[in-house]
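Residue numbers begin at 1 in each chain, while the letters A, B, ... track the order of the sequences.
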Amino acid sequence: MMYPFSEVEEKWQKFWDDNQIYKTDFNKIDNKLYSLVMFIYPSGSKLHIGHWYNYGPNDSWARYKKLIGYNVFEPIGYDAFGLPAENYAIKTGVHPYDSTMQNIKDIREQLKRMGCMYDWDAELMTCDPEYYKWNQWLFLQLYKKGLAYRKNAPVNWCPNDQTVLANEQVTANGTCDRCGAVVVQKNLTQWFFKITEYTEELLQGLDTINWPEKTKLMQRNWIGKSVGAEADFKVFGSDEVITVFTTRPDTLYGVTYVVLAPEHPLVDKLTSPEYKNDVNTYREFVKTLSELERTSTIKEKTGIPIGAYAINPVDSKKVPIWIADYALLTYGTGCVMAVPGHDERDFEFARKFALPVKKVILEPGTDADTELLKAYTGTGKMISSDEFNGLDSEIGKQRIIEYLEKRNFGRRKINYRLRDWLISRQRYWGTPIPVIHCPECGIVPVDEKDLPVNLPYEVEFNPSGKSPLTTNADFMNVKCPKCGSDAKRDADTMDTFVDSSWYYFRYLNPHINDAIFDMKKAEDWVPVDMYVGGAEHATMHLLYARFIHKFLRDLGLTQSDEPFRNLLHQGTITNKGAKMSKSKGNVVNPDEFTQKYGSDVFRMYLMFMGPYDLGGDWSDHGISGVDRFVQRTYELFNRFKNLSEKVKTKEKFEIETLNQDEKSIYRKVNHTIKKFEAEINNFRFNTAIASLMELINELKNINNCSKELQLFSLERFAILLAPVAPHLAEECREILGNKESIFMHPLWYSYDEAALVADTVNIAV
RNA sequence: GCCGAAGUGGCGGAAUUGGUAGACGCGCUGGACUCAAAAUCCAGUGGGGCUCACACCUCGUGCCGGUUCGAGUCCGGCCUUCGGUACCA
């Protein structure tokens, strides 16, 4: 008899729904478990295998937790704003709202067929004004605290299409992926959130959360703390000062030139007239380079002198000022002191342009006359450094800083790589920035009572050189709330990472309209106990969310310091070696498999494929093995219909009273419970399922057992199946003669320790 | 380039974290059932060697080296692949 998965799954999904089994009682908090998955990005495509791989196994873990007694909250929602829907609109003319809503409708149906424990009352979508209103509110709070500010920042600009391009739309050659034109950098005034206000706390906080070490390490490196000093170089024949940041103040005597970022504002002031033309040409060239190209240590550096000189604060020597691609305005002060003798990049640059190399740190085992064949970047005795000669460079670092500070030529300084968060997007499909630009009053934030600023439906998406919202006059033209004169709204929208920075609060009460979230509920349910999502979010989303959480705490809205107590990454399921994405056209549709095998089989196959955190390349080879396992399971239970009505349940057996087959089955059942629990608790689903397969292989001798042991084994088998194949487990247990759903109340069996001891033990010598 | 990972049979992977490498599954081979096929069930299955056979020997966890009585696991150096690199999310 074939397992009728389609009817069975429909039947139990309806039963769970009718009985509201997965509605969370938010008042029971002593055993609460907030299990969160990264929400769905619906403007690209429907659910794909990556989503299933994230959600299915995580639901199995949560189901296990529910069975052992946790009060689980498992929400799902839609990260509905974003670029792909807008690009789709430009291509096809289908409005982003329409395509997104259609996608959400389709995805919701797919999600329901997965059979996860979602609490549908908690469903939310970020493109709903009742959601993005609170993005705007959040913006206003940040603005009020001085943590939202405007400054110039470059964007990728396609001069042909007259539009801003996402990094993804720029090819490796620096051309527009639509029209092939060379992309340039263009400065626009844009909004930033001042995440750097929280840098040190974001760094320290990593020690308090249970996240994968690699993720914490990536965040640490992303924040990029470095301890060093700033040194002020006076510009020769000018009042201007060039301030550099260095981690190696001990090499200050080795400076032979100074480099400014080509876009540094001082370049205009300092370039001498005869260099102007070359400098301008060079600056145009640098605009075509990506940051990655500019900082690559393998690519040959470029640069030119600007005809000006700086004075080294320690020895008053005159050194030339250059501009070069590898100096970035966004890191440190945008100015670099170059020490070719002790920095590899500077060495290479000095070689190329015949700039002097000066040795000021002695590599142990060499002397002052040994020629430097490459930069020596280690520590050693200081030489050619006046009063600091002979000092160990580590001590010299401190002495030089003291020297600079005493003369007011510099100061101790900690620098971070982390930059403020640019949130302005010159796009339509996002949260409007709640700001009005008044010719009289300047920037006027929208009053909180006037939120939300609704995103209008009628706009022109086709690129016109300006943000799409400018094409809707009704939206753009407003009276200034302060003075009443004619004013304009901000035409930009927010980065969608703003939406995803606080949604875990909103799930608790997605529809309240008088607050961003219910503080009491949030205190009970946040931090999230387990957050599972892709490792590709390690540095951006997961850092932004931590920042916003800390900001909300400082507003007094929550007590906790961190949003996600535990974090795990499922691996990436690739297709032909590459991450699945609509733009690559290599998305695998899960429906094909769920229709053929059912959702339990598909879920189990994804879990059985390999370690959860590794993912792997997609292949459907092997799904038939899981299907066979399910068929054999169903067939096995059908041989024992209504057994529970004929036999009394027994909790434990005395091993000595059992025959040989009974003994090994009794052992296997108990051993499997132990093994399965240990594996699923740690998200090791592949071995958890392997243990169930071992169990059913053992159960082939079940006919030689007493009725009591048969019932004992099958009951336990059904419950072990429940987390990983919930529909099948319900059905099998019903076949045995049980009337109630497994998931109605906590239900788990412990194992008999005495059964685990084997008769003989092999010891390797 | 930089930051973070991964590499084990024909394939996906397992190995209680330094102690019998290859659990479980796919595939394949042989057998049973069948007029036949499919499905199902049973047996075998890392390479090489030696055996009628049981057994036994030997090589083997990306590459090179090291530590150790003992290394898939630890250390150093590479190679390849993947994720991120601040406007895909």
Worksheet entry | Inter-nucleotide P distance (B:U61, B:G65), Å rounded | 13 Å
Discussion item. Any salt bridge linking A:E213 with A:K216? Criterion: basic side-chain nitrogen under 4.0 Å from a carboxylate oxygen.
Written reply: yes
Practice prompt. Taking A:Q190 for its side chain and A:A153 for its backbone only, find out whether a donor-acceptor pair lies under 3.5 Å.
Written response: yes
Worksheet item: When we call it a touch if two heavy atoms are under 4.0 Å apart, what does A:T330 touch: a base, just sugar-phosphate, or nothing?
Response: nothing
Worksheet item: Is B:G60 paired to anything, Watson-Crick or G-U wobble with both distances less than 3.5 Å, and if yes, which nucleotide?
Response: none
Worksheet entry | Options B:U85, B:G25, B:A89, nucleotide nearest the side-chain atoms of A:N697 | B:G25
Fill in: 5'-most by nearest nucleotide on RNA chain B - A:M218 or A:T496
A:M218
Response to the item:
Side-chain atoms of A:T687 come closest, of B:A86, B:C87, B:A15, to B:A15
Worksheet item: Looking only at N and O atoms, is any donor in the side chain of A:E536 or the base of B:C88 less than 3.5 Å from an acceptor on the other one?
Response: no
Worksheet entry | OP1 or OP2 of B:A86 under 4.0 Å from side-chain N/O of A:R417 | no
Worksheet item: How many Å lie between CZ on A:R220 and P on B:G84, as a whole number?
Response: 22 Å
Fill in: Nearest-angstrom distance, P atom, B:G22 to B:G44
15 Å
Discussion item. B:A86, OP1 or OP2 - any side-chain N/O from A:N167 closer than 4.0 Å?
Written reply: yes
Worksheet item: Could you give the CG-to-C1' distance, from A:D420 to B:C87, as a whole number of Å?
Response: 16 Å
Worksheet item: So what does A:L418 touch, heavy atoms closer than 4.0 Å: a base, only the sugar-phosphate, or nothing?
Response: base
Worksheet item: Can you tell me how far P in B:C74 sits from the matching atom in B:G7, rounded to whole Å?
Response: 11 Å
Worksheet item: Between B:G13, B:A89, B:C3, which one does the side chain of A:Y41 approach most closely?
Response: B:A89
Discussion item. Under 4.0 Å, heavy atoms only, any strand: does A:V155 hit a base, just the sugar-phosphate, or nothing?
Written reply: base
Practice prompt. Name the orientation of the base relative to the sugar in B:G30: syn if the glycosidic angle is within 90° of 0, else anti.
Written response: anti
Worksheet item: Donor-acceptor pair, A:R425 side chain versus A:T493 backbone, under 3.5 Å?
Response: no
Practice prompt. Choose from B:U85, B:A15, B:A23 the nucleotide whose nearest atom is closest to any side-chain atom of A:E694.
Written response: B:A23
Worksheet item: Quick one: which of B:G13, B:C87, B:A15 gets closest to the side chain of A:P611?
Response: B:G13
Worksheet item: Can you check whether A:R628 has a side-chain N or O nearer than 4.0 Å to OP1 or OP2 of B:G25?
Response: no
Worksheet item: Does B:G19 pair with anything, Watson-Crick or G-U wobble, both distances under 3.5 Å, and if so, with which nucleotide?
Response: B:C69
Worksheet item: Taking for each residue the nucleotide of RNA chain B with the nearest heavy atom, is it A:G610 or A:I623 whose nucleotide lies nearer the 5' end?
Response: A:G610
Worksheet item: Using 4.0 Å as the upper bound for N to carboxylate O, is an ion pair formed by A:K225 and A:E200?
Response: yes
Worksheet entry | Whole-angstrom distance between B:C33 and B:C42, as gauged at atom C1' | 11 Å
Fill in: Side-chain donor/acceptor of A:Q169 to base of B:C87, under 3.5 Å
no
Discussion item. Using a 3.5 Å distance criterion without hydrogens, assess whether the side chain of A:T672 forms a donor-acceptor pair with backbone atoms of A:L692.
Written reply: no
Item to complete: Write down the partner of B:C41 under the Watson-Crick or G-U wobble criteria, each distance required to be under 3.5 Å.
Response: B:G31
Item to complete: Starting from C1' on B:A39, measure out to CD on A:E635 and report it in whole angstrom.
Response: 13 Å
Worksheet item: A:M540 side chain: which of B:G13, B:A89, B:G1 is closest?
Response: B:A89
Worksheet item: Taking any strand in view, what nucleotide pairs with B:G9 in a Watson-Crick or G-U wobble way, both distances under 3.5 Å?
Response: none
Item to complete: Please check if the side chain of A:Y55 supplies one atom and the backbone of A:M38 the other of a donor-acceptor pair under 3.5 Å.
Response: yes
Discussion item. Given 3.5 Å as the limit, does a donor-acceptor pair link the side chain of A:Q219 with the main chain of A:L203, or not?
Written reply: no
Discussion item. Suppose you measure atom C1' in B:U51 against the same atom in B:U16; what distance do you get, rounded to whole Å?
Written reply: 37 Å
Worksheet, complete the sentence: Here the distance between atom P of B:G4 and atom CG of A:L206, to the nearest Å, is 14 Å
Practice prompt. Sticking with atom C1', work out how far B:G9 lies from B:C24, rounded to a whole angstrom.
Written response: 15 Å
Discussion item. If I pick the C1' atom on B:C57 and the same atom on B:G4, what distance separates them, to the nearest angstrom?
Written reply: 44 Å
Worksheet item: Taking atom C1' of B:U16 as reference, at what distance in whole Å does atom CD of A:E677 sit?
Response: 16 Å
Item to complete: Pick base, sugar-phosphate or nothing for A:W421, based on heavy-atom distances below 4.0 Å to the nucleic acid.
Response: nothing
Fill in: side-chain N/O A:T539 vs B:G84 OP1/OP2, d < 4.0 Å
no
Discussion item. From the set B:A5, B:C87, B:A89, return the single nucleotide nearest to any side-chain atom of A:K214.
Written reply: B:A5
Item to complete: Pick base, sugar-phosphate or nothing for A:V164, based on heavy-atom distances below 4.0 Å to the nucleic acid.
Response: base
Discussion item. Using whole Å, what does the distance between atom C1' of nucleotide B:A86 and atom CG of A:L329 come to?
Written reply: 15 Å
Worksheet item: Under the side-chain hydrogen bond (donor to acceptor under 3.5 Å, both in side chains) criterion, do A:D177 and A:T171 qualify, and how do the steps go?
Response: CA-CA 6 Å; A:D177 73 349; A:T171 66; over 6 Å; no
Worksheet item: What is the nucleic acid contact for A:F497, judged by heavy atoms within less than 4.0 Å: base, sugar-phosphate only, or nothing?
Response: base
Worksheet entry | Between B:G25 (C1') and A:Q631 (CD): distance, integer Å | 16 Å
Worksheet, complete the sentence: From NE2 of A:H537 across to P of B:C3 the rounded distance in Å is 23 Å
Worksheet entry | Shortest side-chain distance from A:L292, nucleotide among B:G1, B:C26, B:C88 | B:G1
Worksheet item: What integer number of Å spans the P atoms of B:U40 and B:C50?
Response: 39 Å
Fill in: Backbone of A:Y131 reached by a side-chain donor or acceptor of A:N135 within 3.5 Å
no
Worksheet item: Taking OP1 and OP2 of B:C87, is either one under 4.0 Å from a side-chain nitrogen or oxygen of A:R425?
Response: yes
Worksheet item: Should B:U45 be called syn or anti, with syn set as within 90° of 0?
Response: anti
Discussion item. Strictly below 4.0 Å: does A:N221 bring a side-chain N or O up to OP1 or OP2 of B:C2?
Written reply: no
Discussion item. What I want to find out is whether A:D207 reaches A:R220 closely enough, with some N-O distance under 4.0 Å, to be called a salt bridge.
Written reply: yes
Worksheet item: Within the structure shown, what part of the strands sits under 4.0 Å from A:Q190 by heavy-atom distance: base, sugar-phosphate, or nothing?
Response: base
Worksheet entry | Opposite nucleotide pairing with B:G4, Watson-Crick or G-U, both atom distances under 3.5 Å | B:C82
